[in-house]
Protein chains: 2
Amino acid sequence: MKPTLITNQIRSLRFTAGEMTQADLADRIGVTRQTVIAIEQGRYSPSLEIAFRIAHVFGVGLDDVFQYPSSLPEEPA
Amino acid sequence: MKPTLITNQIRSLRFTAGEMTQADLADRIGVTRQTVIAIEQGRYSPSLEIAFRIAHVFGVGLDDVFQYPSSLPEEPA
DNA sequence: ACACCGAGTCAAAGTTTCTTTACATGATCC
DNA sequence: GGATCATGTAAAGAAACTTTGACTCGGTGT
């Protein structure tokens, strides 16, 4: 798997959003617990669709959940 | 293939951003022309990583490029 | 001690996304 | 008419993402 460069605030958001467990979140966005764990730990970046569902659950924008390292070569050769 | 629910403004952005061709865009974000065509036509939603690169090329936020249908059941049973 | 819950790991199978190659169309230019 | 460019289609294969199931660990409660 490609190590992802994208970081996320899912863990923080889960706690600030009322002690939501990983299983809870997984359920709400319609994926498995494994997927939440992997994404939360940055093992890989989710599909855009799942990214949107996550942001939707927390009621924030995509950019509030995920961050792309600002200045990066378009495609590291 | 899963028909994607996410819409995007790539085509408009390409034109407002100075007559950029699909091949140009593909090159800048480091994917093939086919990928740009498929995403632009909504045949599938890109990975978060590619979504970020696209937004980055146009110098806008993710939400300016992609839109998720606002009120949708979290997971259509 | 035993059972439960939240979190994490691993591996295999399944689905979606991306690449590569090849060909088709309409527009434009020579 | 022939050449070129932008866009589009299709199919096979590779890579990435997601699921399933089994297992471990620390903390809490009975």
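Labels below follow one simple rule: chain letters A, B, ... track the order of the sequence lines, proteins then strands, and each chain is numbered from 1.
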Check your understanding: Any idea which heavy atoms bring Ser45(A) and Ile6(A) closest together, and the distance?
Key ->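 Closest heavy-atom pair between Ser45(A) and Ile6(A): CB-CD1, 4.1 Å.
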
Check your understanding: What are the two closest non-hydrogen atoms of Met20(A) and Val57(A), and how far apart are they?
Key ->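 What the structure gives for the nearest pair is CE-CG1, 4.3 Å.
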
For [X], give me all partners under side chain to side chain donor-acceptor pair (under 3.5 Å), at least two apart in sequence or on another chain.
| X | result |
| --- | --- |
| Thr21(B) | none |
| Thr16(B) | none |
| Thr7(B) | Gln67(B) |
| Gln34(B) | none |

Atom-pair distance ([atom1] on [X]; [atom2] on [N]), nearest Å:
| X | N | atom1 | atom2 | result |
| --- | --- | --- | --- | --- |
| Ile29(A) | dT18(D) | CD1 | P | 9 Å |
| Leu25(A) | dG6(C) | CG | C1' | 14 Å |
| Ile50(A) | dT15(C) | CD1 | P | 15 Å |
| Glu19(A) | dG27(D) | CD | C1' | 15 Å |
| Ile39(A) | dT9(C) | CD1 | C1' | 17 Å |
| Asp27(A) | dT19(D) | CG | C1' | 14 Å |
| Ile37(B) | dT20(C) | CD1 | C1' | 13 Å |
| Glu49(B) | dC18(C) | CD | C1' | 13 Å |

Point to revise | Note, Phe66(A) side chain near Ile54(A) side chain (heavy atom, < 4.5 Å) | key: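 Phe66(A) vs Ile54(A): side chains touch.
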
Distance below 4.0 Å between [X] side-chain N/O and [N] OP1 or OP2:
| X | N | value |
| --- | --- | --- |
| Ser45(A) | dA16(D) | no |
| Ser47(B) | dA16(D) | no |
| Gln22(B) | dC5(D) | no |

Exercise for review: Calculate, to the nearest 0.5 Å, the distance between atoms OG1 and CZ belonging to Thr35(B) and Arg43(B) respectively.
Suggested key: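 So the gap between those two atoms works out to 10.5 Å.
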
**Study point:** End axis versus end axis in the helix from dA1(C)-dT30(D) to dC30(C)-dG1(D), the angle rounded to 10°, five pairs used at each terminus
**Key:**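 About 20°, once rounded to a multiple of 10°.
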
Point to revise | Residues which pass salt bridge (charged side-chain N to carboxylate O under 4.0 Å, His left out) with Arg14(B), listed by chain and number, not counting sequence neighbours | key: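 Arg14(B): salt bridge (charged side-chain N to carboxylate O under 4.0 Å, His left out) contacts with Glu40(B).
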
Review point. What nucleic acid atoms does Thr32(B) come within less than 4.0 Å of, heavy atoms only: base, sugar-phosphate, or nothing?
Key: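 Here Thr32(B) touches the bases of the nucleic acid.
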
Exercise for review: Pick base, sugar-phosphate or nothing for Thr21(B), based on heavy-atom distances below 4.0 Å to the nucleic acid.
Suggested key: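 It contacts sugar-phosphate atoms only.
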
Point to revise | Stretch residues 7-16 of chain A: residues that reach within less than 4.0 Å of DNA chain D through a heavy atom | key: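 DNA chain D contact set from residues 7-16 of chain A: none.
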
Check your understanding: Is there a side-chain contact (heavy atoms from CB on, under 4.5 Å) between Leu25(A) and Ile10(A) once you walk through the steps?
Key -> CA-CA 10 Å; Leu25(A) 177 57; Ile10(A) 298 181; 3.6 Å; yes

Review point. Closest to the Gln41(B) side chain: dT17(C), dT9(C), dT9(D)?
Key: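 Selected nucleotide: dT9(D).
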
Review point. Which nucleotide, dT18(D), dC18(C), dT9(C), lies nearest any side-chain atom of Thr35(A)?
Key: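 The closest nucleotide is dT18(D).
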
Check your understanding: What pairs with Phe52(B) under ring pair (Phe, Tyr, Trp, His ring centres under 6.0 Å), at least two apart in sequence or on another chain?
Key ->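 Per chain and number, Phe52(B) pairs via ring pair (Phe, Tyr, Trp, His ring centres under 6.0 Å) with Tyr68(A).
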
Revision key, fill the gap. Contact string for nucleotides 22-27 of chain C, one letter per nucleotide 5' to 3', B = base within protein heavy-atom range under 4.0 Å, S = sugar-phosphate only, - = neither, reads B-----

Review point. Can you list the steps and then say if Val36(B) with Ile29(B) is a side-chain contact (heavy atoms from CB on, under 4.5 Å)?
Key: CA-CA 9 Å; Val36(B) 169; Ile29(B) 64 184; 4.2 Å; yes

